[in-house]
Every structure is written in structure tokens, then in C-alpha cells.
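Note sheet for the following structure.
Proteins come first, then strands; the chains are lettered A, B, ... in the order of their sequence lines, and each starts at number 1. Being a predicted model, the structure only gives us computed values, none of them experimental. Computed from heavy atoms alone, side chains included, the values below leave out hydrogens, waters and symmetry copies.
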Amino acid sequence: MSAQQTITVGQLARACSGPLGDDATIGVVAHTQAGYDFLRAELTAARVKVHFAALPVADVHRYELPRVRALNFVLANALASDSGPSLRFDTDGRLLGAAMAELALPTRGATTRLCST
Amino acid sequence: MTVRIANAAGAAGDQPDSARRLVEHEEVDYLTLRYLNGPPRPVGGGTRPGPGHVPDFPAVVRTLCPAFYLQGQLKLVTDAGATDPRACAEVASRILSRHGSDRLPVAAVVGGNILDSLEELLRLGCPLAHARTGQPLHELHRPIVTAHVHLGANPIAAALAAGARLVITGWVAPAALAIGPAAVEHGWDWDNWACLAGAAVAGHLLGRGTHVAGAGQAGWEDVELASVGYPIAEIDGDGQATITKEGRTGGAVTRETVVQQLVSAIGDPAHYETPDVGVDLTTVDVEQRGPDCVRVHGSAGHPAPPCYDASLAYQVGYAAAAQLLVWGTDCLAKAKASATMALDRVRQAGFELERTYVGLLGTGDAVPGVGKPPEDLREVVLYVAAQDPRREAVARFLDEMASLPASGPPGLAPCTGVTGRVRPALVHWPTRVPKELIEPTVILRSAGEWAADGPASEDAAQEYG
């Protein structure tokens with residue numbers, strides 16, 4: 001791990017996940033406006049796809065709800081396959097929110113400003 | 001005038017006593033029980049072909065009998081009917097009749113189960129194409145085992161307007177359970193997009209159950225979750241809503257919990273579509289007005305889509321999973337060896353399983369690739385799942401897993417649970433059906449009339465009193 005400062009999604013927001021048809025969705029709600037602005041810039045669909053690459057996830061779409069300081073991630077077709085139901089333990093994607101909270105993002109020194117107290 | 005709508009179930013398997021508790025402590029106009037979620041799973045599972053209703057529901061009806069009798073304003077709307085709302089109405093009505101409510105008007109909303117209409121729909125030009133791949137259904141050479149459209153609020157409202165006090169549907173858009181009652185009480189037209197949108201948002205939030213009061217999310221340590229309460233929406237005539245919860249319960253309804261539920265189980269927020277209205281959730285404002293008092297307003301609505309969403313499923317075989325506790329400083333190696341051993345034995349019995357999965361729970365395998373596995377693990381749960389077209393192959397797999405504590409390495413203990421059963425392995429086929437090809441119908445009768453029907457479900461009546 002490099003010396004660069006990082007902050008986790010969980011320090012800035014709460015995240016919940018669950019099923020939506022064959023997709024898994026993760027809603028991320030920032031505690032503060034500064035936190036939302038930071039996540040909007042840094043918590044990209046590409047980064048989320050890398051974080052969950054081992055699931056695997058074919059595609060991630062990100063949507064923004066600025067009025068409520070939230071981001072919604074849709075992990076397309078993460079819960080099913082054409083050959084049968086998911087055989088994994090977490091067939092509803094309920095654990096992905098807690099895993100999202102652990103995603104670390106580089107802060108470039110802005111940590112104290114971002115954390116809500 | 002405000003309509004008070006509570007929801008006492010956010011999913012099948014939710015707390016069984018919540019409905020009774022809620023109506024005993026709170027006077028509400030409508031109680032909803034939302035059980036169904038997601039693509040089809042065998043409802044009422046197991047090997048016995050039972051009625052196609054949610055198994056939780058009859059016992060809950062039993063607990064609600066006093067409230068139905070004592071509270072004349074109380075009405076219940078639920079999707080417990082699953083694949084057979086008519087059969088569910090019969091079971092519920094038997095229970096109600098036994099407990100003084102034989103005159104209670106009970107409605108079943110039918111027309112959503114399209115399993116017997118697939119040929120007809122194809123003939124009428126509806127390709128039932130896969131919603132993601134576009135493949136037409138006729139190119140899938142597999143028998144469909146379940147098929148239903150997700151209906152909307154219109155038939156629920158019709159049933160209530162005709163006097164029903166218990167409305168049983170099959171699969172409906174979750175928000176419909178609240179849109180129906182609100183539309184009837186406030187006399188909204190079905191093109192009143194702003195009002196319908198507000199009710200849709202309230203219904204979406206209600207469907208999240210105890211998560212509205214803080215369950216299932218960060219911050220749970222700060223509230224009393226053991227007695228967490230279920231949500232109540234107070235919907236005004238203009239569609240705006242106040243979200244609260246039943247009194248004298250734990251948990252807390254806050255701006256944060258409500259926003260978290262607003263963005264749960266949604267796709268593109270600008271297009272949250274229900275059969276009755278489309279909502280742009282990015283326009284919604286959420287404001288905390290006081291303890292357990294959150295105002296939700298500003299929802300912008302647009303016309304509903306012309307098609308119902310539909311869920312079909314075809315069977316590709318059978319699946320099962322088993323779990324064993326593995327203990328020791330060598331637990332990881334031992335667990336992997338045990339899985340290999342069981343699968344080898346299945347192979348020796350003549351079955352090469354089509355798909356298998358081996359997970360080590362305790363190492364972080366439930367969400368792979370996130371963080372490092374801990375060192376010096378003394379115990380781990382070995383989780384093995386298998387799928388195969390042949391039922392006997394999957395049954396053999398379970399037998400071999402179950403025999404590991406006796407005939408495998410030392411330090412293995414079985415974990416009991418419902419995963420240890422052979423179940424159908426279904427693949428979901430999401431599609432759409434034009435609304436004009438579907439005829440939702442309300443069947444309204446008294447509980448006594450429903451109960452007089454049919455010889456089936458005596459067991460259910462006996463089991464649930």
C-alpha cells in the first residue's frame with residue numbers, strides 16, 4: 001500500500017445493497033455535502049467495478065441523486081447467470097453494501113475536511 | 001385528510017408477530033404485508049406441492065382476527081397470493097370465518113399469473129423477448145415453469161372501492177400496495193401523475209420494512225434494534241407523505257434512514273417505473289421535521305410505461321447447498337480437502353455435477369476479492385453448492401456432504417439449516433407484456449363464501465387454527 005492517504009466509503013457515507021431482479025444495487029448516501037462532492041468525483045463506476053472484480057461483475061452503472069446526496073450503483077446481472085441460479089452464499093447481494101463501505105479512495109490530503117464529526 | 005398506511009412485512013420470512021403488534025398499538029387505515037421480491041423462487045418450497053401462497057401469511061391472518069373484528073376502519077392489502085391469489089383467499093377466509101369474520105369482504109386480484117396464457121400471448125404477437133438480451137421466447141427451447149406479470153394499483157383500488165377489507169394480490173409492483181389505497185381515499189384520477197408519484201415514493205419506502213427505522217444499515221448500533229418498529233406513511237391529498245413508525249418501538253426514522261431506503265432496490269432513479277406512474281426520484285426532497293417524523297415531497301411523476309414487467313422462469317435442473325463447520329489450525333486446508341473428497345465421492349457414484357461452488361466462510365469468501373483473509377483462523381464454515389440436471393445427482397451430493405463428519409477428516413461438525421434441501425434450479429427470464437393483453441380481475445366475496453369453496457387447504461386451516 002502506498003503512502004498516499006486514503007479514506008473509505010464507510011467513513012463518508014452509509015451504503016446498502018440488495019437485489020433488483022438479476023442486478024445487484026448499492027445505494028450510497030453521503031453524510032455531508034463535502035463528502036458527496038468527493039464521492040461524486042472519486043467513487044466512479046470504474047472503481048466500483050474493480051473493487052468487485054472477483055464476484056465477477058460484468059458492468060457497473062452509476063446514477064446521481066444530488067438532492068439527497070446519494071449515488072446509486074447498479075451491478076448489472078451480478079446475481080444470476082444463464083446456466084443457473086447463483087450458487088454463491090450471498091445470492092441477494094446483501095453483503096455488497098458492507099463491502100462497498102470498505103472501498104478506499106485516495107484523498108490527496110483532504111481527509112479532515114471530508115470526515116463528518 | 002391524511003391516509004395512514006402501515007407496512008408490517010418487508011419480505012417473506014419477516015417477523016411473524018409484527019402485524020398484530022402494529023395494529024394493536026396504532027390505529028391505521030391500511031395495513032400492508034409485502035412478501036414478494038425479485039425473480040421467481042419456488043414459493044412454499046420443499047417437496048410437497050402446496051398452494052401457491054406465501055407460507056408466512058396464514059399464521060399472520062390468524063393473529064389479525066381480533067383486530068379485523070374490533071377495528072372497523074382496518075383494511076389489509078397484501079401480495080401474499082403469489083402464484084394463486086384465489087387459493088390464498090380461500091385459506092385466509094377459512095381462518096377469518098372460524099374467528100367471527102365470515103362476513104368480511106375479501107378480494108383476490110387475479111390475472112397476473114400468465115403461465116397458461118403464454119401460447120396465447122405469443123400468438124397475439126407479443127414476443128416475450130428477454131428484457132436484457134432481446135432474445136424472443138420461442139428461441140428458448142425449455143419449458144417455462146412460472147410466469148407472472150407485476151400488476152399495478154388499479155385492481156387494488158377497484159377492490160377497495162367495491163368494499164373489500166382484505167385484498168390479496170399476486171406479484172405487484174411494491175409501491176402499488178400503497179398507491180391503491182391512497183388513490184381510493186383521495187379520489188385521484190389515474191392521470192394525476194404528481195399525486196400518484198408521491199404515493200409511489202411512500203409505497204416504495206414502506207416496502208423496505210424495518211430498514212426505514214434503521215435496520216440493515218450503518219448507524220444500527222445507535223438505535224434500539226431489538227424492538228425495531230415498522231414504518232407508517234401518512235399520505236396527504238397532494239401525494240406528499242410523512243414517514244414515521246409505530247410508537248413505543250425501537251429504531252429511529254431519520255432523514256438518513258429514509259434517504260437510504262429511497263435509493264435502495266432502484267435502477268435508474270430518474271425512471272422509477274410502476275404500472276401506474278413513473279417517478280423521477282432525483283426530484284424528491286426528504287426533510288426531518290422531528291423525532292421519527294420525516295417529510296417526503298416534491299416527487300415528479302410522468303405517465304406509466306405501456307407494458308407490465310413480467311417474470312418468467314425455466315428450470316435447468318436442481319440445486320442444493322450444504323455447510324459444515326471445520327475446526328483446527330489446519331481448518332482451511334482441511335475444509336478444501338473435505339470439499340474435494342465429497343465431490344470425488346459423488347463422481348465415484350457416477351455423477352459429474354454440472355456446476356459446483358466451494359466457499360470458505362470466515363475468510364471473506366462471501367464477497368470475494370475484498371480485503372485480505374485473516375491469518376491464524378481456527379474455524380471456518382465450509383460452504384459447498386451444486387447444480388445438476390439430475391435430481392439424484394444433487395441428492396447424492398447432499399448425502400456425501402452430510403456424511404463427511406463421520407467419514408472425513410477430524411474436526412467437522414454439521415450446520416443445520418434450510419440450505420440442506422434439493423430445490424429446483426431456475427433461470428429468470430425477465431420480459432414485458434403490453435398492458436392491453438392482460439386483464440386483471442377482482443373477485444370479491446365474503447370470507448364465508450370463500451371458505452365454503454373447495455376441499456383443499458384443510459391442512460392449512462388446521463395448522464393455523
Worksheet item: Are the side chain of B/Gln387 and the backbone N or O of A/Ser83 linked by a donor-acceptor pair below 3.5 Å?
Response: yes
Discussion item. With a 4.5 angstrom heavy-atom cut-off, is it the side chain or the backbone of B/Ala270 that approaches chain A, or both, or neither?
Written reply: neither
Worksheet item: Yes or no on side-chain contact (heavy atoms from CB on, under 4.5 Å) for A/Leu96 and B/Val367, after CA distance, side-chain angles and deciding distance?
Response: CA-CA 7 Å; A/Leu96 303 178; B/Val367 187; 4.0 Å; yes
Worksheet item: Considering the options B/Asp280, B/Leu281, B/Val259, which one meets the side-chain contact (heavy atoms from CB on, under 4.5 Å) requirement together with A/Leu65?
Response: B/Leu281
Response to the item:
Under 4.5 Å to a heavy atom of chain A? For B/Thr133 that would be neither
Worksheet item: Which of the residues A/His51, A/Arg62, A/Glu102 is involved in the greatest number of heavy-atom pairs with chain B at under 4.5 angstrom?
Response: A/His51
Discussion item. Could you check whether atom CZ of B/Arg355 has more than 12 heavy atoms from other residues, nucleotides or ligands sitting under 6.0 Å from it?
Written reply: yes
Discussion item. Between A/Phe73 and chain B, with a heavy-atom cut-off of 4.5 Å, which part of the residue counts as in contact: side chain, backbone, both or neither?
Written reply: neither
Practice prompt. May I ask you to check whether over 12 heavy atoms, not counting those of B/Arg432, lie within 6.0 Å of atom CZ?
Written response: no
Discussion item. Taking side chain as everything from C-beta outward and backbone as N, CA, C, O, which of these in A/Ala53 sits under 4.5 Å from a heavy atom of chain B? Side chain, backbone, both or neither.
Written reply: neither
Practice prompt. Any chance you could lay out the side-chain contact (heavy atoms from CB on, under 4.5 Å) test for B/Asp285 and A/Arg67, step after step, and finish with the verdict?
Written response: CA-CA 7 Å; B/Asp285 280 310; A/Arg67 278 187 113 95; 3.0 Å; yes
Worksheet entry | Side chain, backbone, both or neither of B/Val316 within contact of chain A (heavy atoms, under 4.5 Å) | side chain
Worksheet item: Do you know which two heavy atoms are closest between A/Leu87 and B/Tyr383, and how far apart they sit?
Response: O-CE2, 3.5 Å
Practice prompt. Tell me, for B/Val263 versus chain A, whether the close heavy atoms (under 4.5 Å) come from the side chain, the backbone, both or neither.
Written response: both
Worksheet item: Donor-acceptor pair, A/Asn72 side chain versus B/Asp268 backbone, under 3.5 Å?
Response: no
Practice prompt. Heavy atoms only, distances under 4.5 angstrom: which of B/Pro269, B/Ser264, B/Gly369, B/Ala366 has the most pairs with chain A? Name it, please.
Written response: B/Pro269
Item to complete: With side-chain contact (heavy atoms from CB on, under 4.5 Å) as the test, would you mind laying out the steps for B/Thr282 and A/Glu64 before giving the verdict?
Response: CA-CA 8 Å; B/Thr282 67; A/Glu64 301 173 12; over 6 Å; no
Worksheet entry | Largest heavy-atom contact set with chain B, pairs under 4.5 Å, which of A/Thr25, A/Val29, A/Val28, A/Asp90 | A/Val29
Practice prompt. Name the region of A/Val74, side chain, backbone, both or neither, that has any atom closer than 4.5 Å to a heavy atom of chain B.
Written response: side chain
Discussion item. Is a donor from one side chain sitting under 3.5 angstrom from an acceptor on the other, for B/Gln260 and A/Arg14?
Written reply: no
Discussion item. At a heavy-atom distance under 4.5 Å, which candidate from B/Gln217, B/Gln261, B/Glu354, B/Gln315 has the highest pair count against chain A?
Written reply: B/Gln217
Worksheet item: Is the shortest heavy-atom distance from the side chain of B/Arg255 to the side chain of A/Val68 under 4.5 Å?
Response: yes
Worksheet item: Side chain, backbone, both or neither: which part of B/Leu361 has a non-hydrogen atom closer than 4.5 Å to chain A?
Response: side chain
Practice prompt. Under 4.5 Å heavy-atom distance to chain B, tell me which part of A/Ala15 shows up: side chain, backbone, both or neither.
Written response: backbone
Worksheet entry | Residue among A/Pro56, A/Ala54, A/Gly93 with most heavy-atom pairs under 4.5 Å to chain B | A/Ala54
Worksheet item: For B/Val384, is it the side chain, the backbone, both or neither that has a heavy atom under 4.5 Å from a heavy atom of chain A?
Response: neither
